[in-house]
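Input: a single structure, listed below in structure tokens.
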2 protein chains.
Amino acid sequence: MPGYDLRLQAALDAAESVFAEKSYGLATMRDIAAAANLSVAGLYYYLPSKQRALGMVCGRAFQALSEGLERALSEAAPPDSQLRAFVRHHVGFITVSPAAYRVLLHDMEALEGEDRVAVHEIRRRYFARAADLVIAVQQQRTSSISTRIATAALFGMMNWTPMWYRGENESDASHVALEMSTLFLRGVAAPAEEPAAIA
Amino acid sequence: MPGYDLRLQAALDAAESVFAEKSYGLATMRDIAAAANLSVAGLYYYLPSKQRALGMVCGRAFQALSEGLERALSEAAPPDSQLRAFVRHHVGFITVSPAAYRVLLHDMEALEGEDRVAVHEIRRRYFARAADLVIAVQQQRTSSISTRIATAALFGMMNWTPMWYRGENESDASHVALEMSTLFLRGVAAPAEEPAAIA
DNA sequence: GGCGTTCTAACGAGCGTTCGAACGAATTTC
DNA sequence: GAAATTCGTTCGAACGCTCGTTAGAACGCC
């Protein structure tokens, strides 16, 4: 029954946008039902509860984020290019799906039970993947900055994007990604070998 | 009546920590009352409403943040030192008052009416002050990165700190601030004049 | 006795959730 | 071929509960 799954995704879209706009605690099932063009009881045919709706929204978002990452990284080989690809993908996701990412940033802490454990595990893996890239980049250089802080700084600058980015087309987003990865790569340390020979 | 103001601050402390832990939407006045060791009605003697409590918490936090900034910047003259002082102050505030900063990051959007306008104005000024520092730093260098993105990246890496920082003493925080400002200054561009003379 | 402070108890509203009926399009029955 | 039946889907209406907020009385210190 493809019709059911299509309407489930539409219900999750509605929940996602309402959570993103009002935050989980202030959002009501009546808000979500209105956004989904359903009655409240009609909405419950697709979403078992408000709490599970949050879990499904978060799970769906992180799933898309993680799958996209593997696709993006498979196209680049050297550490610098891999890191640039990672930033491009991450910033791209944030700008293409701002509502989904707002929920992940803002409301993930409101998860409980199994959903909380599962989603946190996906996130942990995603972060670990990024940390590995930072380590690979640092190993090519004489980096004085701790990996822990460098990774955190990288995520910080990317995840702050929703607060100010108002770009429209995809080239705006990849421009942001390009400048951010440049700032990061240059900031983490000068390359071990300079382009011009020293002696 | 110094006793009143002391207990008002205690009530705001309670509200701040509950907001930080549960987020504004999920926090209840009963939670805050319990944290303040007051009955619900007793709490209302100090806080006119939940909404105004959020406004007062945010206002108090931004006030402290802004006042501390002026103090921190008055001690450093050259642009680089000023930016380093700014980062040290900002990261210091986040690590010393994590609850306050969590509320600012997370729940400020839930503000309404006059409180919203007033707090947003303080934030705008604070951000503008930081942007000026970034401009001053960039003018000393050949920076290829847009000021807008650079400023956003700087705020992003600093504001992400609460997500991972678990340091205890003040030296941990200033170490983080040092590495972050180094990453940023080095990343924004190479200095125009090298420390060693060129010709 | 007065006043600043705190309490117990309750109000009305809105919340998440559920019940039982009604819809409509297949599918079956005669 | 029309009537009856099934089943996935949607609905209006309501349940019980918790929320923010308030009234009014009691406390303790000057």
Side-chain angles (χ1 to χ4, degrees), chain A residues 1-58 103 106-116, chain B residues 1-58 103 106-116:
Chain A
M1 193 75 69
Y4 174 86
D5 198 66
L6 225 61
R7 289 190 298 270
L8 168 61
Q9 296 302 324
L12 290 177
D13 288 344
E16 184 177 275
S17 76
V18 172
F19 288 158
E21 193 182 343
K22 306 186 130 189
S23 95
Y24 178 73
L26 257 24
T28 73
M29 292 303 267
R30 285 158 179 86
D31 293 332
I32 300 174
N37 275 111
L38 281 175
S39 70
V40 190
L43 179 68
Y44 270 89
Y45 185 72
Y46 295 99
L47 308 182
S49 71
K50 187 187 175 186
Q51 176 74 214
R52 291 256 5 187
L54 177 63
M56 293 161 87
V57 167
C58 289
V103 176
H106 211 79
D107 296 320
M108 228 187 72
E109 302 157 26
L111 282 174
E112 293 170 6
E114 290 183 34
D115 280 334
R116 183 183 181 85
Chain B
M1 193 78 67
Y4 174 85
D5 198 65
L6 225 60
R7 289 190 298 270
L8 168 60
Q9 296 302 323
L12 290 177
D13 287 345
E16 185 177 274
S17 76
V18 172
F19 287 158
E21 193 182 343
K22 306 189 130 189
S23 93
Y24 177 74
L26 256 25
T28 74
M29 292 305 267
R30 285 161 178 85
D31 293 331
I32 300 175
N37 275 110
L38 281 175
S39 69
V40 191
L43 180 69
Y44 270 89
Y45 185 72
Y46 296 98
L47 308 181
S49 72
K50 188 186 174 188
Q51 177 72 214
R52 290 261 5 203
L54 177 62
M56 291 160 89
V57 167
C58 289
V103 175
H106 211 79
D107 296 321
M108 228 187 71
E109 301 158 27
L111 283 174
E112 294 171 6
E114 289 183 34
D115 280 334
R116 183 181 181 86

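Chain identifiers are assigned alphabetically (A, B, ...) following the order of the sequence lines, protein sequences preceding nucleic acid strands; residue numbering begins at 1 within each chain.
- Atom-to-atom distance recorded for B:Arg30:CZ and B:Leu38:CG is 14.5 Å, nearest 0.5 angstrom.
- To the nearest angstrom, C1' of C:dT5 lies 15 Å from CG of B:Asn37.
- Of all non-hydrogen atoms in B:Ala53 and B:Phe19, the two that sit nearest each other are C-CE1, 4.2 Å.
- Here C:dT5 is the nucleotide among D:dT22, D:dG20, C:dT5 with the atom lying nearest to any side-chain atom of B:Arg7.
- Under a 3.5 Å cut-off, the side chain of B:Lys22 and the backbone N or O of A:Gly25 do not form any donor-acceptor pair.
- Rounded to whole Å, the distance from CE on B:Met29 to C1' on D:dT22 is 12 Å.
- Between A:Ile32 atom CD1 and C:dC15 atom P there is a gap of 12 Å when expressed in whole angstrom units.
- Distance check: A:Leu12 CG to A:Ile32 CD1 gives 9.5 Å after rounding to the nearest 0.5 Å.
- Residue A:Ser49 has its side chain nearest to C:dT17 when only D:dA23, C:dT17, D:dC11 are considered.
- Which of C:dT17, C:dT6, D:dG20 sits closest to the side chain of B:Leu38 comes down to C:dT6.
- Two end axes, each from the C1' atoms of five base pairs, can be drawn for the helix from C:dG1-D:dC30 to C:dC30-D:dG1; they diverge by 30°, to 10 degrees.
- Counting only N and O atoms by type, the side chains of A:Gln51 and A:Tyr24 include a donor and acceptor under 3.5 Å apart.
- Residue B:Leu8 contributes atom CG, which lies 16 Å from atom C1' of C:dT6 at whole-angstrom precision.
- Taking atom OH on B:Tyr4 and atom P on C:dT6, their separation rounds to 10 Å, with Å as the unit.
- Using a 4.0 Å heavy-atom criterion, one finds that B:Ala33 contacts no nucleic acid atom at all.
- At least one side-chain heavy atom of A:Met56 sits less than 4.5 Å from a side-chain heavy atom of A:Pro48.
- Relative ring orientation between A:His106 and B:His106 is described as parallel, the plane-to-plane angle staying below 30° on a 0-90° scale split at 30° and 60°.
- Residue B:Leu47 contributes atom CG, which lies 14 Å from atom P of C:dT5 at whole-angstrom precision.
- Closest to the A:Tyr44 side chain, of the nucleotides D:dC19, C:dT17, D:dT9, is C:dT17.
- The interatomic distance linking A:Arg52 (CZ) with C:dG16 (P) rounds to 17 Å, in whole Å.
- Heavy-atom distances to DNA chain D give each of A:Arg30 and A:Tyr46 a nearest nucleotide, and the one nearer the 5′ end belongs to A:Tyr46.
- Here C:dT18 presents its P atom at 15 Å from NZ of A:Lys50, a figure rounded to the nearest Å.
- Within 4.0 Å of B:Ala53, counting heavy atoms only, lies no atom of the nucleic acid at all.
- Note on A:Thr28: only backbone sugar-phosphate atoms sit closer than 4.0 angstrom, heavy atoms only; bases stay farther off.
- The side chain of B:Tyr45 contributes an N or O atom lying less than 4.0 Å from OP1 or OP2 of C:dT5.
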